[in-house]
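Chain naming here is simple, since letters A, B, ... match the order of the sequence lines and numbering starts at 1 in each. All values derive from a computational prediction rather than experimental measurement.
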There are 2 protein chains.
Amino acid sequence: MSELLNPERPMRADARRNRLLILQAACELFASDRPEVQMDDVARRAGVGVGTVYRHFPDKQALMGELVRERFGFFNETLADALADEGADPFEALAGALRTTAASMADDAATRFAFTSGGEGVFAHAAEEMDAFTGLSSTLVARAKAAGELMPEFEAEDIPMVMCGVCAAIDKRHPGWDWRHHLELVLRGMRAGP
Amino acid sequence: MSELLNPERPMRADARRNRLLILQAACELFASDRPEVQMDDVARRAGVGVGTVYRHFPDKQALMGELVRERFGFFNETLADALADEGADPFEALAGALRTTAASMADDAATRFAFTSGGEGVFAHAAEEMDAFTGLSSTLVARAKAAGELMPEFEAEDIPMVMCGVCAAIDKRHPGWDWRHHLELVLRGMRAGP
DNA sequence: ACCTGAACACCGTTCAAGT
DNA sequence: ACCTGAACACCGTTCAAGT
């Protein structure tokens with residue numbers, strides 16, 4: 001265990017700057033078509049020593065986890081926006097939010113890399129944001145059900161599962177795969193029907 | 001590059017036996033809840049030297065790839081069975097085959113590990129079986145479409161994509177996730193409707 | 001208070017020596 | 001013809017020395 005930064009007190013200006021440089025370097029490297037990104041690479045591109053990377057992020061998983069955490073932050077904003085629009089059709093509000101979250105993943109190769117090639121620790125790092133996500137999607141699901149537009153067997157807890165499935169379809173190794181098509185299929189399955 | 005076995009000539013009896021022991025050891029170790037399986041571990045459990053593992057499989061990806069290859073062999077048997085049953089309802093034939101293949105993945109933690117944590121090379125190893133899979137599923141899809149039971153926008157090439165999504169739901173890290181539920185949702189979406 | 005980078009540990013892979 | 005396992009290379013992580 002290295003000399004991790006104390007998250008309580010405010011960072012010194014150079015530390016705050018380094019943290020940003022590291023995150024930015026990680027994004028660029030994870031997004032660029034891999035030949036396996038190393039911590040040394042991240043440090044070099046950020047213009048800092050490896051030790052500094054470890055001072056900000058206890059290990060590689062935490063570095064990846066930060067990308068996941070930030071993206072869940074965006075997911076939550078998206079769901080909150082959908083909730084705020086009281087007049088909208090409840091099913092379309094949910095569907096639209098899911099389309100937006102999926103599209104944001106499709107645009108973010110770095111976080112996709114973190115999602116798939118990081119393990120348990122990556123998600124542990126984003127636990128708080130993931131809880132918020134569950135809360136927000138429960139409300140959206142409840143509204144759509146109340147409107148009779150969502151099939152009753154569908155639960156809010158199914159959302160991370162199906163979205164994870166849709167994410168699996170965003171895979172540069174399979175250029176034929178169409179995640180939008182996959183998502184529409186799932187939405188079709190979710191819709192209440194005879 | 002080590003002294004890879006010549007795949008043309010038949011193996012010596014001890015080599016054939018070792019190959020089986022290595023595969024079996026790999027299965028057991030990949031299936032057991034990870035602390036990262038190493039090639040040395042596989043060799044030790046199989047009772048051979050590491051060099052022997054590399055003699056049979058050029059690298060770790062190839063070892064994982066062999067598990068994937070074998071499972072696709074099973075998938076293809078399943079699809080062939082569904083095709084052979086001419087009297088069956090075409091949509092249910094397809095749906096049943098997908099349920100069987102998914103269930104076999106749910107029972108096989110080792111191959112799931114290979115699917116998710118292996119990279120490009122793992123699938124390259126199984127290319128031939130995957131082509132056969134595409135061919136078989138095209139026929140099943142064509143029949144279900146001809147019967148008017150499958151929505152016209154669904155293509156045979158979508159099957160690996162959606163099954164990959166279902167596989168993502170079979171994840172011990174998320175005990176709440178229900179892959180059967182996910183698959184039924186997708187099947188519901190696939191079905192022809194108004 | 002934070003940074004640096006050489007050193008360490010771990011694990012995939014090879015290869016010289018064996019039967 | 002096939003096997004063995006010590007040795008090598010690579011990469012995640014640490015820590016003693018710096019500012």
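Annotation: cation-pi geometry not satisfied between A:Arg112 and A:Phe115 (NZ/CZ under 6.0 angstrom from ring centroid, within 45° of ring axis).
Looking at heavy-atom distances under 4.0 Å, A:Asn6 makes no contact with the nucleic acid at all.
Each of C:dG12, C:dC3, C:dA1 was ranked by its minimum atom distance to the side chain of A:Asp14; first place goes to C:dC3. Considering only the side chain of B:Met39, C:dG12 comes nearest among C:dG12, D:dC2, C:dC3. Of the candidate nucleotides D:dG5, C:dC11, D:dC3, C:dC11 has the atom lying nearest to any side-chain atom of B:Gln38. Ranking C:dT14, C:dA6, C:dC3 by closeness to the B:Tyr54 side chain, first place goes to C:dT14.
Considering only side-chain N and O atoms, B:Arg55 lies under 4.0 angstrom from the phosphate OP1 or OP2 of D:dC2. The phosphate of D:dC2 (OP1 or OP2) has no side-chain N or O of B:His56 nearer than 4.0 angstrom.
By the 4.5 Å heavy-atom criterion applied to side chains, B:Arg19 and B:Leu5 are not counted as neighbours. For the pair A:Met163/A:Leu98, a side-chain contact is recorded, criterion being any heavy-atom separation below 4.5 Å from C-beta on.
The nearest whole Å value for the distance from the CZ atom in A:Arg44 to the C1' atom in C:dA6 is 15 Å. Distance CG (B:Asp40) to P (D:dG5): 11 Å, rounded to an integer number of Å. In this structure, CG of B:Asn18 is placed 17 Å from P of C:dT19, rounded to the nearest angstrom. Between the C1' atom of D:dC10 and the CG atom of B:Asp59 lies a distance of 15 Å, rounded to the nearest Å. One can place CG of B:Leu4 at 13 Å from P of C:dC15, the figure rounded to the nearest angstrom. Here the C1' atom of nucleotide C:dC3 and the CG atom of A:Leu21 are 14 Å apart, to the nearest Å. If you measure from atom CG of B:Asp41 to atom C1' of C:dG12, you get 12 Å, rounded to the nearest angstrom. Rounded to whole angstrom, the span from the CD1 atom of B:Ile22 across to the P atom of D:dC2 amounts to 13 Å.
Side-chain contact of B:Asn18 with B:His56: a donor-acceptor pair under 3.5 Å is absent, judged by distance alone.
Here CD1 of A:Ile159 is found 7.0 Å from CG of A:Leu140. Values are rounded to the nearest 0.5 Å.
Mapping A:Lys60 and B:Ala15 onto DNA chain D via the closest heavy atom, the residue that lands nearer the 5' end is B:Ala15. Each of B:Arg12 and B:Val48 lies near DNA chain D, and the nucleotide nearest B:Arg12 is the one positioned closer to the 5' end.
Across the strands present, D:dT13 finds its partner in C:dA7; the criterion is a Watson-Crick or G-U wobble pair with both atom distances under 3.5 angstrom. For D:dT19, the paired base is C:dA1 (Watson-Crick or G-U wobble, both distances below 3.5 Å).
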